[in-house]
Amino acid sequence: MNTCTTAYRGIGPEAGKYIQPGNALPYAMERCGICFSTLPGDCREEFSEALVNWFYSGNWLAIEEAEAS
């Protein structure tokens, strides 16, 4: 699975929140009530990428890891 290199800074109702690159997927999954089963799936990577793109498309600003330092 690809490692997320983008951090997210909340705006609007999410103001004051900052999500580190490694926490982007777990945070989105937690907020959406999603957990992976223990069974292997062939679309897990595609789903994870789509979820992160969708979840952080609203009240979040994407910050590339180099900018976050």
Side-chain angles (χ1 to χ4, degrees):
M1 186 177 299
N2 292 339
T3 303
C4 183
T5 59
T6 305
Y8 296 93
R9 184 176 317 279
I11 59 174
E14 302 291 346
K17 295 179 183 170
Y18 181 81
I19 307 301
Q20 296 287 338
N23 292 332
L25 178 60
Y27 182 78
M29 289 177 64
E30 179 183 329
R31 292 290 304 269
C32 293
I34 297 171
C35 62
F36 287 129
S37 70
T38 56
L39 299 174
D42 61 8
C43 65
R44 186 176 288 196
E45 185 172 347
E46 294 161 353
F47 173 79
S48 298
E49 184 178 342
L51 176 65
V52 168
N53 289 337
W54 169 78
F55 185 82
Y56 296 103
S57 67
N59 296 317
W60 300 91
L61 297 175
I63 302 168
E64 290 304 315
E65 193 171 47
E67 294 177 38
S69 300

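Basis for what follows: all heavy atoms, side chains included, without hydrogens, waters or symmetry-related copies.
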For Y27, side chain to side chain donor-acceptor pair (under 3.5 Å) partners two or more places apart: R31

Any K17 side-chain heavy atom under 4.5 Å of W60 side chain: yes

Residues forming a side chain to side chain donor-acceptor pair (under 3.5 Å) with E30, sequence neighbours excluded: none

Shared hydrophobic cluster, W54 / M29 (ILVMFWY, side-chain heavy atoms < 4.5 Å): yes

Interatomic distance, Y8 atom OH to N59 atom CG [nearest 0.5 angstrom]: 14.0 Å

From CD (Q20) to CD1 (I63), nearest 0.5 Å: 9.5 Å

Heavy-atom check, side chain of Y56 versus side chain of I19, under 4.5 Å: yes

Any T6 side-chain heavy atom under 4.5 Å of P21 side chain: no

Gap separating the CG atom of L25 from the CZ atom of F55, nearest 0.5 angstrom: 11.0 Å

In one Ile/Leu/Val/Met/Phe/Trp/Tyr side-chain cluster, 4.5 Å: V52, I11: no

